[in-house]
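When a ligand or atom number is given, it counts from 1 through the structure's own listing order.
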Amino acid sequence: MKQQAWNPGALLAVILLGAVSFTLSDPFISKASKGALATLYCNASLPAGSQVQWTRRGVSGDKRVIVTRQEDGSIVKEIGDLQNRLKIDDRFSIHIERVDSGDLGTYECGGRETSLIVLADPSSHTVSEGESVTLYCGDSAVLAGAGSVRWKQVNGGTDHSILNKHPAGNIVKSVNDPDHRYELRPDSSLYIRKVKSVDAGKYECNGIHVADLKVLTGEWFVFVLLSIFTNI
Ligand SMILES: *[C@@H]1O[C@H](CO)[C@@H](O)[C@H](O)[C@H]1NC(C)=O
């Protein structure tokens, strides 16, 4: 396997590219762990005393109004909130208590958009060498990608980019894959066939740690069998 060496020029290019893609990537991304508090800010430049609404667009594209502030300043919640998890402050920011996956989506207020990503525990997979596995990107990471999909493996502290899908739809593999072991599925999941021991590690979809893969090798079975027999 070819090792990629860092040189200052490449590093600078990555930083510049990062800055460009950051400024181009509207909406803002706000990440909250499941159960935590999330705060979403409205457009601060709106004239006082104007009627304004918060809307949320779910991953499937459905959009609904959450809260309205009338011209007289009164606040009307447009969705059921029996547990009173939504708090609205006098700057018309929304504070969502005990965030759960149902809260994820793209929120908009006065033209300012924020995608709320809800971080949950990564899924764990254990497969034997030679088997296949499907790793799900999941709604939060799909939302974080804003149309692109980036799959990365982190093994022993080193990042290995596997493939990228651009918003236009073209898929670019960055891993050497002569046996076509890696496949991006339409739901953004990563399908790996004929798993090898080097596939073990953490997997990130769009920068979010979504899966852990453990690979059982032949030696592992021998080791387990040996330890069972030597203990008896
Ligand atoms: C915020 O509101 C101002 C004033 O209405 C408007 O000009 C601006 O475009 C808004 N910002 C965004 C991100 O829509």
Side-chain angles (χ1 to χ4, degrees), residues 12-81 83-120 137-152 164-170 187-188 204-210:
L12 185 65
V14 166
I15 291 169
L16 287 177
L17 273 177
V20 168
S21 59
F22 177 75
T23 47
L24 291 181
S25 74
D26 215 31
F28 296 105
I29 303 278
S30 173
K31 292 179 186 168
S33 300
K34 210 170 172 161
L37 173 79
T39 300
L40 303 161
Y41 300 97
C42 190
N43 180 351
S45 318
L46 288 181
S50 54
Q51 185 186 322
V52 54
Q53 284 182 326
W54 268 106
T55 60
R56 181 180 66 215
R57 199 169 64 240
V59 181
S60 53
D62 55 309
K63 187 169 163 178
R64 58 187 303 179
V65 178
I66 304 172
V67 198
T68 304
R69 184 180 68 192
Q70 315 282 4
E71 279 137 359
D72 65 3
S74 59
I75 304 275
V76 182
K77 278 187 198 174
E78 311 278 359
I79 54 163
D81 181 25
Q83 297 177 314
N84 201 22
R85 291 192 306 122
L86 296 190
K87 304 280 185 336
I88 320 294
D89 68 19
D90 42 9
R91 308 189 71 161
F92 206 45
S93 308
I94 296 186
H95 305 269
I96 308 176
E97 295 174 351
R98 301 185 302 284
V99 162
D100 72 50
S101 49
D103 296 320
L104 76 87
T106 301
Y107 291 73
E108 187 267 328
C109 185
R112 190 185 198 270
E113 288 199 327
T114 309
S115 286
L116 177 63
I117 308 295
V118 181
L119 302 173
C137 181
D139 285 347
S140 269
V142 166
L143 194 61
S148 19
V149 184
R150 290 171 283 119
W151 273 102
K152 205 165 79 175
N164 288 337
K165 178 176 158 259
H166 297 281
N170 50 319
D187 67 352
S188 302
E204 291 181 2
C205 185
N206 293 328
I208 294 175
H209 177 195
V210 292

Return each pair, listed once, that meets salt bridge (Lys or Arg N to Asp or Glu O under 4.0 Å) where at least one residue sits in residues 94-107; pairs must be two or more places apart or across chains.
-> R85-D103, K87-E97
Hey, what do you get for CD1 (I29) to CD (E113), rounding to the nearest 0.5 Å?
-> 10.5 Å
Look at atom 4 (C) of ligand 1 and say which protein heavy atom is nearest, naming residue and atom and giving the distance to 0.1 Å.
-> S45 O, 3.6 Å
Where ligand 1 meets G111 - atom numbers and elements under 4.0 angstrom, heavy-atom basis | 12 (C), 13 (C), 14 (O)
Please indicate whether any nitrogen or oxygen in N43 is less than 3.5 Å from any nitrogen or oxygen in ligand 1.
-> yes
Heavy atom of protein closer than 4.0 angstrom to atom 2 (O) of ligand 1 | yes
Pick out which of V67, T39, L116, T114 makes a side chain to side chain contact (heavy atoms under 4.5 Å, CB included) with I94.
-> V67
Is a side-chain N or O of S140 found less than 3.5 angstrom from the main chain of V118, in a donor-acceptor match?
-> yes
Scan the protein's non-hydrogen atoms and note whether one is under 4.0 Å from atom 14 (O) of ligand 1.
-> yes
Just distances here: any N/O of P47 and N/O of ligand 1 closer than 3.5 Å?
-> no
Atom 5 (O) of ligand 1: the protein heavy-atom neighbour that sits closest, reported with distance to 0.1 Å | L46 CD2, 3.8 Å
Mutual orientation of the aromatic rings belonging to F92 and W54 [parallel < 30°, tilted 30-60°, perpendicular > 60°] | tilted
With no hydrogens and no angle check, is any side-chain donor or acceptor of N206 less than 3.5 Å from a backbone partner on A144?
-> no
